[in-house]
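Note that ligands are numbered from 1 as they come in the structure, with each ligand's atoms numbered from 1 the same way. The structure displayed is predicted, hence computed values, not measured ones.
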Amino acid sequence: MENIESTGWGRTLRSNSLEFQPRSLEELQDFVGTHESPRGVIAHGLRRSYGDSSLNIGGVSVDAAFLSDLTFQQGTGMVTAGAGVSIGTLEKASLARGLFPPVVPGTGLVSIGGAIAADIHGKSHHITGSFSSCVKRIHLLYADGEIRDLFPEGPTANHFWATVGGLGLTGMILEADLQLIEMKQASVVVEETRVNNLDEMLTLLSASDKGFQHTVAWIDLSGDFRGRGVVGKGNYSTQTSAVEKSSPDKSKDGISLPFPNIAGISFINKYTVRAFNEMWFRKPLAKGISSIDSFMHPLDRIQNWNRIYGRRGFLQYQFVVPEGNEDFLAHVLATMKDLGAVSFLGVLKRFGEGSPAPLSFPKPGWTLALDIPPQLGNLEQALNSLDSQLCARDGRIYLVKDARLKPEFVPLMYPRLEEWRTIRNNMDPRGMWQSDQSRRLKLC
Ligand SMILES: Cc1cc2nc3c(=O)[nH]c(=O)nc-3n(C[C@H](O)[C@H](O)[C@H](O)COP(=O)(O)OP(=O)(O)OC[C@H]3O[C@@H](n4cnc5c(N)ncnc54)[C@H](O)[C@@H]3O)c2cc1C
């Protein structure tokens, strides 16, 4: 094992840990069953979580990459996927069989283990719910070195739902059975609309819930922050021509941002961001057929875009508030304006019903995700105040995007935390599965 420094996608937090890359399942089982260390072990996938969910300073991080098998069960739309398989790889292999995962995130570079451990959501949440809606079995390695199958219903259901959204703290996911949907075409019929303010954006997103399988809005985080932006809506194409056999290989299909890419230096300032946002707002609107890949994962074509914030990285503040709290969205934008928190990534979306998992993030309402440069004066104070207001409005922040939340807010945002903790402590009485985030937020 090698001692290496790792970061999450936001690059604000760094962590040195022993990196374990097992060569076989037996080697992993032996290690986990006999390992003794106060800092324990955490699994990681592709490290697309933004903060410290997958980091374990002074402990061990286990790379799930070797869990790379994909086995399709013919005629059922079911696939058994290794936890290290990326969503992008799953999409490609599924499309070749006329199938597709019902829930995919904004990047294809998320592992199946990471998707379950965060119970991720996509642009389709108002229709499909979160990723767990397609998970029919989880094959989990427990802290005692034993492997057990967990199902969403029946005697193992409480362990299943504690693992969904459980941030790797119940065990290491080895593989999962996923129910895919039929897909005639590898394309989406897209319609984009420009909106001039937050009210227009909210009205259009609400109205689009009924007719569209996918909805999302890009919001301008520059200028007067009044919520202008572009609302994107899409439905899977139903035309009957053959399914595209493959989508572009993201790793080879880089496009560049209008910022120079010099290691360690940030090019985010109010002038560059304003120019980018103006360009994005005025760009020709999409209408018609788009490839499924570019619609689902637009940022994957921009390689290492997280580096444009420079050495200090960036925070992502993603929260959900129930409907009826639209004034809070406007308040957050006004706060960002006051802070001078210019950025090129702001995304707004509506959530439907949540999943049964105690720590799953989505619940009905609005979710807003904002990328924020971390070095602004008063930022911490302002975000703490927003967190406190969120609690009062029954909102919560997305833990897998978090790098800074205070632990006292967690039980208020996640009222089922204690229930989850009891199940988790029962699954791992030795407290072996740990991360920097679990210690920072006192999750276990
Ligand atoms: C550009 C971008 C777009 C994104 N878009 C979305 C989006 O649209 N919707 C959304 O919900 N999220 C989104 N995310 C967040 C991302 O989906 C989650 O952070 C996801 O958990 C990352 O998966 P990963 O494989 O990188 O996991 P990691 O970052 O490596 O780990 C994340 C968590 O999962 C746990 N974990 C990973 N593998 C396993 C395993 N085998 N067993 C047990 N636990 C494990 C880790 O311990 C950790 O707690 C986005 C992230 C980026 C960078």
Do the numbers put R228 on top of the ring of F281, so that NZ or CZ is under 6.0 Å from the six-membered ring centre and no more than 45° off the axis?
->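 Yes; both conditions hold, so R228 lies above the ring face of F281.
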Between F276 and F344, how do the two ring planes meet: parallel, tilted or perpendicular, split at 30° and 60°?
-> perpendicular
Side chains of [X] and [Y]: donor-acceptor distance under 3.5 Å anywhere?
X	Y	result
S222	D220	yes
Q434	R439	yes
R14	T7	no

Using a 3.5 Å cut-off and no angle test, enumerate the donor-acceptor pairs between side-chain atoms of residues 346-359 and protein atoms at least two apart in sequence or in another chain.
{"from": "K349", "atom 1": "NZ", "to": "K123", "atom 2": "O", "distance (Å)": "3.0"}
{"from": "K349", "atom 1": "NZ", "to": "H126", "atom 2": "ND1", "distance (Å)": "3.2"}
{"from": "K349", "atom 1": "NZ", "to": "T215", "atom 2": "O", "distance (Å)": "3.4"}
{"from": "K349", "atom 1": "NZ", "to": "T215", "atom 2": "OG1", "distance (Å)": "3.3"}
{"from": "R350", "atom 1": "NE", "to": "D209", "atom 2": "OD2", "distance (Å)": "2.7"}
{"from": "R350", "atom 1": "NH1", "to": "S206", "atom 2": "OG", "distance (Å)": "3.4"}
{"from": "R350", "atom 1": "NH1", "to": "E323", "atom 2": "OE1", "distance (Å)": "3.3"}
{"from": "R350", "atom 1": "NH2", "to": "D209", "atom 2": "OD2", "distance (Å)": "3.2"}
{"from": "S355", "atom 1": "OG", "to": "D119", "atom 2": "OD2", "distance (Å)": "2.9"}
{"from": "S355", "atom 1": "OG", "to": "A357", "atom 2": "N", "distance (Å)": "3.2"}
{"from": "S355", "atom 1": "OG", "to": "S360", "atom 2": "OG", "distance (Å)": "3.4"}

Quick one, list the residues around ligand 1 where some non-hydrogen atom comes in under 4.0 Å, by chain and residue number.
-> W9, I42, A43, H44, G45, L46, R47, R48, S49, Y50, S53, S54, A64, A83, P105, G106, T107, V110, S111, G113, G114, A117, A118, I120, H121, L167, G168, G171, M172, I173, W305, Y398, V400, K401
